[in-house]
Amino acid sequence: MPEGHTIHRIAGQHRTRFSGEAVSVTSPQGRFLEADRLDGRELKAVEAYGKHLLYEFDGRRYVHVHLGLFGKVRTAQQPAPRAGPTVRMRLSVDEWYADLVGPTRCRLIDGDQRSTLLSRLGPDPLRRSADPHLAFERISRSRQPIAALLMDQSVVAGIGNVYRAELLYRARLNPYRPGSDTDLEAWTQIWEDARTLMRAGVRSGRIVTTEIRDRDNQGRIVRASDAHYVYGRTGRWCRTCQTEIRAADLAGRTLYWCPKCQR
DNA sequence: GCAAAATGTCAAG
DNA sequence: TTGACCTTTTGCA
């Protein structure tokens, strides 16, 4: 499920498995009408920016994919099973196929539209060239709660509801503090923490923010409830201070925090 | 078997 | 601020 780490993970896999080849592009569901125009063309590159995924084909044409809340990509070895009516786009090469299901966006765009899209995104902690100061300029001048700013993709690209909650907890920051209360040192710490956690997310394919390993000594995947400090832990006890974890609605999304650790 | 919720975004009012 | 959109999974009868 999709925060920035998921998108970068998919981009990496698809770059390796599909780019540099002539790719069969189809829309079994029929709703990606432009699939025909790309079918059999060479895929030049695959890039992730925040939560956006871009497949570049000849002539600066791009498939822009956004998974939204429910979208998924399934990548596996051939032979591909018959595609059901929910598969918006299928990519196929000799060895691999990938099915895109339930995206909020899947459309063909040109270079100008790509530029417009990228211009609306803040720095992405998963991209080497990202400049955290661009985000700091927005945050330090805003009276919006820091929790809202971290979710604003034009401020920082790629952070979602889980990373937001966990980053604020790890920084011991109250989510309702105005952005303007954040000094550069505090922001730098959050940014570096985001890079660390999100890179680990790209590697493992899951969000683990607690100081545990992805797998225990027997190789079993740790329980999801053990992987987070506050996200999804409403009514349970804070690992650090035993206070009850709170949840509230902020701009239509559920915010989680520890009222004692994050004063 | 169905309702509700989920790691998201945008447009309408 | 609310509703629409897209799909799968979970929890409750």
Side-chain angles (χ1 to χ4, degrees), chain A residues 1-11 27-33 48-54 63-75 81 83-90 98-107 109 113 116-122 124-126 144-145 147-170 175 193-194 197-210 214 221-235 245 247-257:
Chain A
M1 290 129 206
E3 295 193 25
H5 69 298
T6 305
I7 311 307
H8 282 262
R9 183 178 169 87
I10 293 167
S27 181
Q29 180 188 60
R31 292 188 50 192
F32 178 40
L33 298 172
Y49 296 88
K51 299 171 190 169
H52 299 263
L53 189 54
L54 293 171
V63 177
H64 170 215
V65 170
H66 196 295
L67 295 182
L69 196 50
F70 322 116
K72 278 193 173 55
V73 171
R74 187 185 315 108
T75 309
T86 59
V87 178
R88 183 78 57 89
M89 176 175 74
R90 170 173 280 181
D99 283 348
L100 171 67
V101 174
T104 204
R105 267 266 197 272
C106 175
R107 55 170 186 162
I109 62 173
Q113 290 170 298
T116 304
L117 172 70
L118 298 187
S119 72
R120 289 196 309 244
L121 296 177
D124 175 350
L126 286 172
Q144 294 271 308
L149 291 161
L150 287 182
M151 289 275 282
D152 182 337
Q153 301 298 299
S154 70
V155 175
V156 198
I159 292 177
N161 207 13
V162 181
Y163 282 124
R164 158 176 82 174
E166 298 296 302
L167 287 167
L168 289 173
Y169 178 84
R170 287 165 58 101
D193 200 31
L197 293 180
M198 293 175 79
R199 283 178 182 171
V202 174
R203 269 180 262 120
S204 70
R206 48 199 304 260
I207 301 177
V208 176
T209 61
T210 49
D214 286 356
I221 293 177
V222 300
R223 301 204 315 271
S225 57
D226 291 332
H228 308 138
Y229 286 105
V230 290
Y231 177 81
R233 301 189 73 242
T234 320
I245 300 299
D249 186 286
L250 181 70
R253 308 302 301 282
T254 308
L255 172 67
Y256 303 90
W257 79 104

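Each chain gets a letter, A, B and so on, in the order its sequence line appears, and its residues count up from 1.
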- Item | Side-chain N,O (Lys51(A)) to OP1/OP2 (dT9(B)) below 4.0 Å | yes
- So what does Arg253(A) hit on the nucleic acid, given a heavy-atom distance under 4.0 Å: a base, only sugar-phosphate, or nothing? base
- Query: Heavy atoms under 4.0 Å, any strand shown: does Thr104(A) hit a base, just sugar-phosphate, or nothing?
  - Reply: base
- Item | dT7(B) phosphate, OP1 or OP2, under 4.0 Å from Tyr231(A) side-chain N/O | yes
- Query: In whole angstrom, what separates Arg164(A)'s CZ from dT9(B)'s P?
  - Reply: 11 Å
- Query: With respect to Asp99(A), which candidate in Lys72(A), Arg74(A), Arg88(A) satisfies the salt bridge (Lys or Arg N to Asp or Glu O under 4.0 Å) definition?
  - Reply: Arg74(A)
- Message: Measuring only the C1' atom in each nucleotide, how far is dT8(C) from dC10(B)? A whole number of Å is fine.
- Response: 22 Å
- Query: Pick one: which of Tyr169(A), Trp257(A), Tyr256(A) meets side-chain contact (heavy atoms from CB on, under 4.5 Å) with Tyr231(A)?
  - Reply: Tyr256(A)
- Query: Which of the following nucleotides, dG8(B), dT8(C), dC6(C), is nearest to the side chain of Met151(A)?
  - Reply: dG8(B)
- P atoms of dG3(C) and dA4(B), separation to the nearest Å: 14 Å
- Within this structure, what is the CG-to-P distance between Leu67(A) and dT8(C), rounded to whole angstrom? 13 Å
- How many Å lie between CG on Leu69(A) and P on dT9(B), as a whole number? 9 Å
- Task: For nucleotides dA5(B) and dA13(C), find the distance between their P atoms and express it as a whole number of Å.
- Result: 14 Å
- OP1, OP2 of dC6(C) versus side-chain N and O of Arg31(A): anything below 4.0 Å? yes
- Message: Rounding to an integer number of Å, can you tell me how far Leu250(A) CG sits from dT1(C) P?
- Response: 9 Å
- Message: In whole Å, I'd like the distance from the CG atom of Asp99(A) to the C1' atom of dT8(C).
- Response: 15 Å
- Distance from Leu100(A) atom CG to Leu67(A) atom CG, nearest 0.5 Å? 6.5 Å
- Roughly how many Å is it from NE2 in His52(A) to P in dG8(B), rounded to a whole number? 12 Å
- Would you indicate, yes or no, if dC6(C) has its OP1 or OP2 atom less than 4.0 angstrom from a side-chain nitrogen or oxygen of Gln29(A)? no
- Item | Out of dT7(C), dT9(B), dA6(B), whichever nucleotide has its closest atom nearest the side chain of Gln153(A) | dT9(B)
- Query: Looking for any heavy atom pair under 4.0 Å, which part of the strands does Arg74(A) touch: base, sugar-phosphate only, or nothing?
  - Reply: nothing
- Taking CZ from Phe70(A) and C1' from dG8(B), how many angstroms apart are they, rounded to a whole number? 8 Å
- Item | Nucleotide dC6(C), atom P - distance to CE of Met89(A) in whole Å | 17 Å
- Expected output: side-chain Lys51(A) to main-chain Thr6(A) donor-acceptor under 3.5 Å: no
- What's the spacing between Arg170(A) CZ and Tyr163(A) OH if we round to 0.5 Å? 10.5 Å
